There are 2 protein chains.
Amino acid sequence: MVDKPLKMKKSERTRAAIEAAARRLFAEHGYERTGIRDIAAAAAIDPAMVIRYFGSKDRLFAEVADFDLGLPDVASIDPAHVGRTLVAHFLALWEGDSANGGLPVLLRSAASNEFAASRIQQLFAAQVLPVLLSLGPPATASQRAGLVASQILGLALTRYVLALPPVVALDRETILAEVGATVQRYAIGG
Amino acid sequence: MVDKPLKMKKSERTRAAIEAAARRLFAEHGYERTGIRDIAAAAAIDPAMVIRYFGSKDRLFAEVADFDLGLPDVASIDPAHVGRTLVAHFLALWEGDSANGGLPVLLRSAASNEFAASRIQQLFAAQVLPVLLSLGPPATASQRAGLVASQILGLALTRYVLALPPVVALDRETILAEVGATVQRYAIGG
DNA sequence: TCCTTTTGTCAACATTTGTTGACTTTTCTC
DNA sequence: GAGAAAAGTCAACAAATGTTGACAAAAGGA
């Protein structure tokens, strides 16, 4: 046990299975409506294992909700297209089936889960706000970040959580153009 | 029992008390986190009465969620200020402590409650879309409604549900100007 | 006052929830 | 193969959930 085996240990495989199932179910039904037994069933394991591996439902949720927006570096963004760039990035974040699917998880539960809500707040404060700082008067950065958040999270809410038909029907290019223009205006400042 | 008494019957007063308590708690904690016993305690009555008066938790929620946006008539809106007008109306709808506080209730639960989600969809399809129909090409009305919904609901989500500090900090006039301009552009069509 | 209807109280139900501990099976090392 | 550690199984717990029915108090009409 001094050296880690090259092949993934069985325990890590089940741990990953639990995490994947949890991510999917939390993102689909939210925190309250997803039970330990549901997650266990989806991962084809015993409910007790979920607790054994993650301690509690809260800790499992926290683990799944802990991720990174992975925004491009401030310097590498063309200030003339921040809006479009940001929107494109978030679109990829929502539609990617990667392990980074934490954003759907968060937004689905944030309305009735304080932890998820404060996590979203942290994400925007720590990762979006810095990008906006250099794009306009620093004094208004917080206000600009708020407006950007209202539009980006609104798009995510209506398209991926509520799935309002008119918003779901929007094609990628329209979103990039229309919403991109809005975010651009918010980001630069009026 | 042929005629209704002029004064409110005692039963109607408790019924109203339950409804008020339910509205407040549903709006504050969402559907799943609000228990029948919580509502009963807030209304200072017995939990069984909640069921007696409303049949079930679902039906009570449906009752509380049944309301009207009360948008101004299409004809009475100045097309040059639709955006500002709409935003102002929704702001009032959110901040008003009136009996029409159904909108916070809906949005707080919509993420994990299918009924609430489809109710929101109905509201926009039946009340917002008609307003936009005459403001631009009818063929794009649905798309414009989707964009408007993404911004308005996004504002509501971040300001009243998630309470993101930068969005909460926005003063009324800034919101009317900035978000109003966005909604205006969406509503008219690009 | 008597009787009926309304309004409210109480205890209990079945189910589901997250979580735990005792136990067995598998896996790996010596 | 023996023994130890890890991984998995099973049954049960306490608490909370929505809901129900039997019963008591109050109100209103005759």
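Every value quoted in this text rests on a predicted model; they were computed, and no experiment measured them. Chain identifiers are assigned alphabetically (A, B, ...) following the order of the sequence lines, protein sequences preceding nucleic acid strands; residue numbering begins at 1 within each chain.
- Annotation: side chain of B:Tyr31 is in contact with side chain of B:Lys57 (closest heavy-atom distance under 4.5 Å).
- Checking side-chain atoms of A:Gln184 against main-chain N and O of A:Pro79 turns up a donor-acceptor pair under 3.5 Å.
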If you restrict it to nitrogen or oxygen atoms, what contacts under 3.5 Å exist between nucleotides 22-28 of chain C and the protein, and what is each distance?
none

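- The nearest whole Å value for the distance from the CG atom in A:Leu25 to the P atom in C:dG18 is 12 Å.
- For the contact set between residues 28-39 of chain A and DNA chain D, defined by any heavy atom under 4.0 Å, the members are A:Arg37.
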Sequence neighbours left out, cut at 3.5 Å: what donor-acceptor pairs do the side chains of residues 35-54 of chain A make with other protein atoms?
from	atom 1	to	atom 2	distance (Å)
A:Asp38	OD2	A:Gly35	N	2.9
A:Asp46	OD1	A:Ala48	N	2.9
A:Tyr53	OH	A:Thr14	OG1	3.2

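- For the residue pair B:Ser112 and B:Glu32, a side-chain donor N or O sits within less than 3.5 Å of a side-chain acceptor on the partner.
- Looking at A:Ile120 and A:Leu153, their side chains come closer than 4.5 Å, going by heavy atoms from C-beta outward.
- The distance from atom CZ of A:Phe124 to atom CG of A:Leu69, rounded to the nearest 0.5 Å, is 7.0 Å.
- Atom CD of B:Glu114 sits in a sparse spot, with 12 or fewer heavy atoms from other residues, nucleotides or ligands closer than 6.0 Å.
- Look at CD1 on B:Ile45: it is 8 Å from P on C:dT9, rounded to the nearest Å.
- Each of A:Ala48 and B:Ala48 was matched to the nucleotide of DNA chain C holding its nearest heavy atom; the match closer to the 5' end belongs to B:Ala48.
- Near DNA chain D, defined here as any heavy-atom distance below 4.0 Å, there are no residues from residues 105-118 of chain A.
- Closest to the side chain of B:Tyr53, from the set D:dT19, C:dG8, C:dT9, is C:dG8.
- Residues satisfying the side-chain contact (heavy atoms from CB on, under 4.5 Å) criterion with B:Thr140, sequence neighbours excluded, are B:Pro137, B:Arg144.
- Side-chain contact check for B:Leu164 versus B:Leu157: every heavy-atom pair is 4.5 Å or farther apart.
- With sequence neighbours left out, the salt bridge (Lys or Arg N to Asp or Glu O under 4.0 Å) criterion links A:Asp73 to no other residue.
- Residue B:Thr14 has a polar side-chain atom (N or O) positioned under 4.0 Å from OP1 or OP2 of C:dG8.
- The CD1 atom of A:Ile51 sits 13 Å away from the P atom of C:dT17 (whole-angstrom rounding).
- Relative to the side chain of B:Lys57, the nucleotides C:dG21, C:dC10, D:dT19 differ in distance, and D:dT19 lies closest.
- For A:Met49, the listed nucleotide lying nearest its side chain is D:dG8; candidates were D:dT20, D:dG8, C:dT20.
- Checking A:Gln151 against B:Thr182 by side-chain atom types alone, no donor-acceptor pair falls below 3.5 Å.
- A:Phe54 comes within 4.0 angstrom of no nucleic acid atom, judged by non-hydrogen atoms across all strands.
- Per the geometry, CG belonging to B:Asp58 stands 12 Å off C1' belonging to D:dT19, to the nearest Å.
- If you take CG of B:Asp46 and P of D:dG18, they are 14 Å apart, rounded to a whole angstrom.
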